Protein chains: 2
Amino acid sequence: MTKPPPDPSVDLGPLDSFIAFHLRMAQETALRAFITSSSQPDFRPGRFATLMIIRLNPGLSQIDVCRAIGRDKSTISPLITALEKEGLILRESSAKDRRSVTLKLTPAGEKALDALLPLVEGHDQRLDAIVGDAKPELIALLKKLTAGLS
Amino acid sequence: MTKPPPDPSVDLGPLDSFIAFHLRMAQETALRAFITSSSQPDFRPGRFATLMIIRLNPGLSQIDVCRAIGRDKSTISPLITALEKEGLILRESSAKDRRSVTLKLTPAGEKALDALLPLVEGHDQRLDAIVGDAKPELIALLKKLTAGLS
DNA sequence: TATTGTTATACTCTATAACTATA
DNA sequence: TATAGTTATAGAGTATAACAATA
């Protein structure tokens with residue numbers, strides 16, 4: 001059976017006034033909606049975010065990517081390896097620090113990212129439509145939470 | 001190595017204006033902060049939410065719990081089994097529908113939940129302090145997202 | 001036929017720890 | 001000593017599918 005939709009008829013008590021609870025519900029629901037709507041089996045938010053960050057910050061290292069998206073280096077390693085195998089990114093060892101690598105997109109990577117962008121934008125427009133004018137404030141609050149809890 | 005803190009110096013481009021991205025960052029950060037601060041190995045948000053919902057809605061079935069927290073029944077089953085084994089909840093088969101069970105807390109379950117509550121409240125007060133007056137609006141927006149995407 | 005609950009299984013995401021190589 | 005990256009491994013958390021019992 002599939003995951004049932006949330007049922008507001010149940011009394012949530014204090015849960016209903018917890019930011020953390022609603023944060024989780026919204027995030028999970030949004031992720032699920034995204035996966036369903038994209039229907040691209042090989043396409044997960046982490047892939048997109050990584051490609052985008054590399055495009056915008058060519059030459060950064062893996063550890064920089066980790067910091068940007070808040071993951072450990074061991075989490076990023078296999079993803080980077082996969083993207084390289086698929087010919088979407090290039091790794092060169094850094095001249096300055098030979099422990100680290102510099103990352104950039106290949107032309108194929110640029111193309112792949114361009115193809116994904118409308119998909120992601122389409123999804124986020126659904127979210128935009130739901131929150132309406134409050135979007136800037138919502139994003140500001142979410143950023144404050146992320147920063148304030150780090 | 002540990003997960004590094006988010007680094008705002010990286011250019012996120014369009015990512016920075018995606019609700020979904022910040023939703024994910026905030027939720028993950030909040031979860032991590034919660035686990036760190038509670039430092040109760042056996043205590044995870046899902047356990048707390050389940051106990052609380054059963055307290056407030058005694059007599060509901062497992063499928064009702066699933067709907068309330070947006071999980072599949074196969075996800076809830078082992079959790080309910082564990083809570084019963086620990087003597088925190090009681091299951092009786094429903095008189096009305098013998099396929100389903102009715103759930104309620106035992107006295108030990110009430111006590112366990114009471115012990116957990118301050119921990120959870122303490123954590124959410126951290127979030128409250130960060131968002132300040134905007135809390136009601138934030139929760140309203142998150143609920144709208146959850147409802148609108150279901 | 002549909003639903004409640006269980007179970008087996010698998011998948012995704014994540015981190016820790018131990019390692020190499022460099023700094 | 002500390003950091004960048006790899007790899008092996010393990011642990012949450014989740015769902016799908018098949019099933020039994022019941023509706």
Side-chain angles (χ1 to χ4, degrees), chain A residues 1-5 7 24-25 27-29 31-32 34-36 38 40-50 59-85 89 91-103, chain B residues 1-5 7 24-25 27-36 38 40-50 59-85 89 91-103:
Chain A
M1 184 199 172
T2 330
K3 185 207 80 112
D7 175 6
R24 181 172 190 281
M25 295 289 278
Q27 199 267 321
E28 287 266 330
T29 311
L31 176 63
R32 204 173 305 278
F34 173 67
I35 291 170
T36 306
S38 81
Q40 298 248 28
D42 215 29
F43 175 34
R44 299 229 134 216
R47 274 175 85 82
F48 173 78
T50 302
L60 43 43
S61 65
Q62 291 184 200
I63 202 83
D64 293 330
V65 176
C66 294
R67 292 201 183 96
I69 62 178
R71 300 282 155 252
D72 186 77
K73 55 196 164 70
S74 65
T75 306
I76 301 296
S77 239
L79 174 56
I80 297 283
T81 304
L83 293 173
E84 190 188 27
K85 267 190 192 138
I89 63 172
R91 319 161 86 163
E92 290 165 13
S93 68
S94 162
K96 290 184 182 171
D97 183 339
R98 278 153 56 214
R99 289 171 304 182
S100 75
V101 297
T102 59
L103 303 170
Chain B
M1 184 198 171
T2 331
K3 183 207 82 116
D7 175 6
R24 182 172 189 281
M25 294 289 278
Q27 199 268 320
E28 287 266 329
T29 311
L31 177 62
R32 202 173 308 277
F34 173 68
I35 291 171
T36 306
S38 82
Q40 298 249 28
D42 215 31
F43 175 35
R44 299 230 135 214
R47 272 176 86 83
F48 173 78
T50 302
L60 43 42
S61 65
Q62 292 184 199
I63 202 82
D64 292 331
V65 175
C66 294
R67 291 199 184 97
I69 62 178
R71 299 283 155 252
D72 186 77
K73 56 196 164 71
S74 65
T75 306
I76 301 296
S77 238
L79 174 56
I80 296 283
T81 304
L83 293 173
E84 190 189 27
K85 266 190 192 140
I89 63 172
R91 319 161 85 164
E92 289 165 13
S93 68
S94 163
K96 290 183 181 172
D97 182 340
R98 278 154 55 214
R99 289 171 304 182
S100 73
V101 297
T102 60
L103 303 169

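These numbers were taken from a predicted model, which means no experiment stands behind them. Letters A, B, ... mirror the listed sequences (proteins, then strands); counts begin at 1.
- Neither side chain, B:D97 nor B:S94, offers a donor N or O lying under 3.5 Å from an acceptor on the other.
- Closest to the side chain of A:V101, out of D:dA15, D:dG5, C:dT14, is D:dG5.
- For C:dT4, neither phosphate oxygen OP1 nor OP2 lies less than 4.0 angstrom from any side-chain nitrogen or oxygen of B:S100.
- Closest to the B:D97 side chain, of the nucleotides D:dA23, C:dA23, C:dG5, is D:dA23.
- When heavy atoms are screened at a 4.0 angstrom cut-off, A:S74 is found touching base atoms of the nucleic acid.
- OP1 and OP2 of C:dT3 both lie 4.0 Å or more from every side-chain N or O belonging to B:Q62.
- The pairing partner recorded for D:dT22 is C:dA2, the criterion being a Watson-Crick or G-U wobble arrangement whose two distances lie under 3.5 angstrom.
- For D:dA12, the OP1/OP2 oxygens have no side-chain nitrogen or oxygen of B:R44 closer than 4.0 Å.
- One can place NZ of A:K73 at 16 Å from P of C:dT14, the figure rounded to the nearest angstrom.
- Taking atom CG of residue A:L79 and atom C1' of nucleotide C:dT12, one finds them 13 Å apart after rounding to whole Å.
- As rounded to whole Å, 15 Å separates atom P of C:dC11 from atom CD1 of A:I35.
- In terms of position on DNA chain C, the residue among B:E28 and A:R99 whose nearest nucleotide sits closer to the 5' end is B:E28.
- Checking side-chain atoms of A:T102 against main-chain N and O of A:L60 turns up no donor-acceptor pair under 3.5 Å.
- Under 4.0 angstrom from either OP1 or OP2 of D:dA15 there lies at least one side-chain N or O belonging to A:R32.
- Checking the phosphate oxygens (OP1, OP2) of D:dA21, no side-chain nitrogen or oxygen of B:R98 falls inside 4.0 Å.
- Contact between the side-chain N/O atoms of B:R91 and the OP1/OP2 oxygens of C:dT6 is found at a separation under 4.0 Å.
- Between B:R24 and A:E28, no side-chain nitrogen of the basic residue sits less than 4.0 Å from a carboxylate oxygen of the acidic one, so the salt-bridge criterion is not met.
- Rounded to an integer number of Å, the gap from CG of A:L60 to C1' of D:dA4 is 14 Å.
- For B:T75 (side chain) and B:R71 (main-chain N/O), no donor-acceptor pair under 3.5 Å exists by modelled atom type.
- Here the shortest heavy-atom pairing between B:R44 and B:I35 reads NH2-CD1, 3.5 Å.
- Of the options A:K73, A:R91, A:R67, a side-chain contact (heavy atoms from CB on, under 4.5 Å) to A:Q62 is made by A:R91 and by none of the others.
- Taking atom CZ of residue B:R67 and atom P of nucleotide C:dT3, one finds them 9 Å apart after rounding to whole Å.
- Across all strands, A:S61 comes closer than 4.0 Å only to sugar-phosphate atoms, never to a base (heavy-atom distances).
- In this entry C:dT7 has D:dA17 as its Watson-Crick or G-U wobble partner, both defining distances falling under 3.5 Å.
- Annotated as syn: D:dA12, whose O4'-C1'-N torsion sits within 90° of 0.
- Going from atom CZ of A:R71 over to atom C1' of C:dC13 covers 8 Å, rounded to whole Å.
- The shortest distance between the side-chain N/O atoms of A:T75 and the OP1/OP2 oxygens of C:dA15 is below 4.0 Å.
- One atom, CG of A:D72, and another, P of C:dA17, lie 11 Å apart when rounded to the nearest Å.
- Here C:dT4 presents its P atom at 8 Å from CG of B:D64, a figure rounded to the nearest Å.
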